[in-house]
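Remarks on the structure that follows.
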Amino acid sequence: MNNFNEYKQQFFIACQKKGLTEDFYFRCIAYAQRLSNKSLPIIYDYKHLSLLVGYDVYYLFAVSNASSKFYTHFSIDKKNGGKRNISAPYPSLLEIQRWILDNILEKLPVSIYAKAYRKGFSILDNARFHRKQKKVLHLDIKDFFPSIKTVSVYNIFRNAGYSKSLARLFSGICTLNGALPQGAPTSPALSNIFFYPIDARIGGYIRRRGIRYSRYADDMTFSGDLNIKEIIHFIEKLLSEYNLQINKNKTSIMRQENRQVVTGIVTNKTLNSPKNITRELIQCAYYINKYGLYEHMKHKNITDYNYIYKLLGKAYHIKFINPKTYKIDWIISVLKNYICK
């Protein structure tokens, strides 16, 4: 309700009708005020939440206490050739999680250094911040979502102002096997909220040294005139306080005289896609235009029915990064021609 004073008056009248004490009224109003000040939905207990999300209380307890029964699991290919395990919630649980995301999580503060999972932000915003820098350091957090445990999610809802019982219920609904699941719509937002105090401490560190920092999910990027060993030591020590680790296999140091890539975008001068990706796309479009899509696929032994759509997706991605990329409009026109047929 927009007018909290009106809410208080209506709540007082309701308490009087039910014969509830003034002490009960003041305790409820103090609780509601904390949530209202943060523009969060006022929720008193399980039954209240049940009415808001449209699911029975017993169902809420079921998904909170035995969430493993409400997910399906599969894997998708990673760019590096590995597999990413996905745990997708059943439609009913998905609907509840989306309600929590839309009404609670998206209203909680997120660090200015976080560039992923935020409306109006993209990999372009993350990369643009690190253009034309002397050094670029990339650090990857190992097993990011699985490292954020149920107790941390519980603390997020408690710090937001919700009761212990509701925080337990929310944390059970949003976690799987004791951690954030890769596939739940709430996990990205919760990871950003969890990382808020870490980002704040990194912010204090980098401001004193005049260097740049941004984070895209589990990818941490530092740029400027960097003391690499000092930064890595600081981050390792800081992350360990939150039971997080750096994936040392993915640490990369990129100097000005070499290609510097931030979240897949070259940042040395003008923002661009890597040249090898653009060259490959130009070559594919050339042969498709000359010999036809099916002859090209036959020659390359390609059987993927979504091949042309994947190529077009890459082309639009390149144009998004830099609309002036060489031949990008021609590539898109060639590929779209075959999609329309």
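Listed by first and then second residue, the ring-ring contact (aromatic ring centres under 6.0 Å, His included) pairs involving residues 118-139 amount to none (not counting sequence neighbours). Annotation: ring-ring contact (aromatic ring centres under 6.0 Å, His included) contacts involving residues 229-282, sequence neighbours excluded, comprise Y205-F234.
Looking only at distances, no side-chain donor or acceptor of R131 sits under 3.5 Å from a matching main-chain atom of T267. When atom types are taken as modelled, the side chain of S50 and the backbone of Y46 share no donor-acceptor pair closer than 3.5 angstrom. With hydrogens and angles ignored, the 3.5 Å screen pairs a side-chain donor or acceptor of N227 with a backbone N or O of E230. Between the side chain of D45 and the backbone N or O of H48 there is at least one donor-acceptor pair closer than 3.5 Å. Side chain of Y287 to main chain of H299: no donor-acceptor pair is present (N/O by atom type, distance under 3.5 Å, no hydrogens or angles).
At a threshold of 4.0 Å, the pair E106-K119 counts as salt-bridged, since one of the basic side-chain nitrogens sits closer than that to a carboxylate oxygen. Using a cutoff of 4.0 Å between basic side-chain nitrogens and carboxylate oxygens, R27 and D23 are scored as salt-bridged. Between K115 and D125 no salt bridge is recorded (no basic side-chain N to carboxylate O distance below 4.0 Å). The residues R201 and E241 are annotated as salt-bridged, a charged nitrogen and a carboxylate oxygen being separated by less than 4.0 angstrom.
Counting heavy atoms from C-beta on, the side chains of I232 and K229 never come closer than 4.5 Å. A heavy-atom distance below 4.5 Å is found between the side chains of K8 and Y25.
Remark: H73 engages no residue in a ring-ring contact (aromatic ring centres under 6.0 Å, His included) (not counting sequence neighbours). By the salt bridge (Lys or Arg N to Asp or Glu O under 4.0 Å) test, E236 is found to be paired with K248, residues two or more places apart in sequence or in another chain being considered.
For the pairing with H296, the side chain to side chain donor-acceptor pair (under 3.5 Å) check across Y338, Y291, Y307 returns one residue only, Y307. Paired with L60 under the rule side-chain contact (heavy atoms from CB on, under 4.5 Å), one option of N65, L93, V53 passes, and it is V53.
Cluster annotation: I112 is connected to I198 through the hydrophobic network of ILVMFWY side chains, with a link wherever side-chain heavy atoms come within less than 4.5 Å. Cluster membership for I231 and V136, using ILVMFWY side-chain heavy atoms within less than 4.5 angstrom, is not shared.
Remark: E280 CD is loosely packed, at most 12 non-hydrogen atoms of other residues, nucleotides or ligands lying under 6.0 Å away.
The aromatic rings of Y113 and Y213 sit tilted relative to each other, their planes meeting at an angle between 30° and 60°.
Atoms CD1 and NZ, from I277 and K314 in turn, are 7.0 Å apart once rounded to the nearest 0.5 Å.
For an aromatic pair to be called close, the ring centres must be under 6.0 Å apart, and F194 with F144 fails this. The aromatic ring centres of F4 and Y7 sit less than 6.0 Å apart.
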Check step by step if side-chain contact (heavy atoms from CB on, under 4.5 Å) holds for F26 and F12. CA-CA 9 Å; F26 284 117; F12 182 75; over 6 Å; no

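Grouped by direct or indirect side-chain proximity (heavy atoms under 4.5 Å, Ile/Leu/Val/Met/Phe/Trp/Tyr only), I123 sits with L124, Y216, I265, L271, F320, I321.
Judged by the 6.0 Å distance and 45° axis criteria, R215 is positioned over the aromatic ring of F195.
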May I have the list of side-chain donor-acceptor pairs in residues 158-180 shorter than 3.5 Å, sequence neighbours left out?
from : atom 1 : to   : atom 2 : distance (Å)
R158 : NH1    : Y162 : O      : 2.8
N159 : ND2    : N155 : O      : 3.1
Y162 : OH     : P41  : O      : 2.7
S163 : OG     : S165 : OG     : 3.2
S163 : OG     : L166 : N      : 3.3
S171 : OG     : A167 : O      : 3.0
S171 : OG     : R168 : O      : 2.9
T175 : OG1    : T150 : OG1    : 3.2
T175 : OG1    : S171 : O      : 2.6

